[in-house]
Amino acid sequence: MSGRRFRSRLRETLLNLAAVGGAVCILAVVCALLFNITLVMFKTGSMSPAIPAGSLAVVRQIPAADIGIGDVVTVDRPGKLPITHRVQSVEPAQGAARTITMKGDANTEADPAPYVVEKVRLVIWSAPGLAHPLAAAANPVVLGATTVAVSALVTWVLWPRSTRRRRTGQHVAA
């Protein structure tokens, strides 16, 4: 394969990979907006072995009326980090609110106090080990380097190439 042909294929492959990556990002944002989906990173092992520390979970906000016993949900706590545990009981509260008790799978006892909630985030899916790479990708240095790399790729792909081939011994008049 000639050098020119190799560079052309490399250029096309890299551009296609960048396009697929961009499409995945756009699709993720659209899904997040349409279906109220977010990500949760697990720092502790309180939900092990089902969801070990370092896992990344996809969660969807649901009304408290839809909570079921056995669901794994994330509850926001004022002034504290959110907590994600398995629902042990659900009782009606005032209006649309529910009082739920929760317990981490790895914990021996339920959480110390029940939570009164109108909405929670239901864990739809989780993947062990993805929290740390995602957190690293959010680092400003990594984001900056990615921006520079994609800019360089686009510049390289769109840079004008000479369409004229010079023949040996011919000179272009100035």
Rounded to the nearest 0.5 Å, what's the gap from [atom1] on [X] to [atom2] on [Y]? Could you check?
X	Y	atom1	atom2	result
R86	I100	CZ	CD1	13.0 Å
W159	R11	CH2	CZ	12.0 Å
H132	K43	NE2	NZ	9.5 Å
T74	F42	OG1	CZ	5.5 Å
L10	L153	CG	CG	9.0 Å
D66	D71	CG	CG	9.5 Å

### Query
Under 4.5 Å between any side-chain heavy atoms of H85 and M47, yes or no?
yes

### Task
Taking the side chain as every heavy atom from C-beta outward, state whether Y115 and I83 have any atom pair closer than 4.5 Å.
yes

Closest approach of [X] to [Y] (non-hydrogen atoms, all atoms of both residues):
X	Y	result
V123	A57	CG1-CB, 4.1 Å
A93	V116	CB-CG1, 4.3 Å
Q88	I69	O-CG2, 3.7 Å
A50	S126	O-OG, 4.4 Å
P128	S55	CA-OG, 3.3 Å
R98	P92	CD-CA, 3.9 Å

### Partner residues of E118 under the side-chain contact (heavy atoms from CB on, under 4.5 Å) criterion, sequence neighbours left out
A97

### Task
Could you list who else is in L56's hydrophobic cluster, with ILVMFWY side chains joined at under 4.5 Å, directly or through other members?
I26, V30, L34, F35, I37, L39, M41, V58, I124, W125, L130, L134

### Query
Going only through I, L, V, M, F, W and Y residues with side-chain contacts under 4.5 Å, is there a path from L122 to V90?
yes

### Query
Same hydrophobic cluster for V20 and V150, using side-chain heavy-atom links shorter than 4.5 Å among ILVMFWY?
no

### Message
Checking the side chain of T101 only, and the main-chain atoms of S89 only, is there a donor and an acceptor separated by less than 3.5 Å?
### Response
yes

### Task
Enumerate the residue pairs fulfilling salt bridge (charged side-chain N to carboxylate O under 4.0 Å, His left out) with a member in residues 120-133, sequence neighbours excluded, ordered by first and then second residue.
D76-R121

### Task
Verify side-chain contact (heavy atoms from CB on, under 4.5 Å) between V117 and I67, making sure each step is shown before the conclusion.
CA-CA 10 Å; V117 295; I67 300 170; 4.0 Å; yes

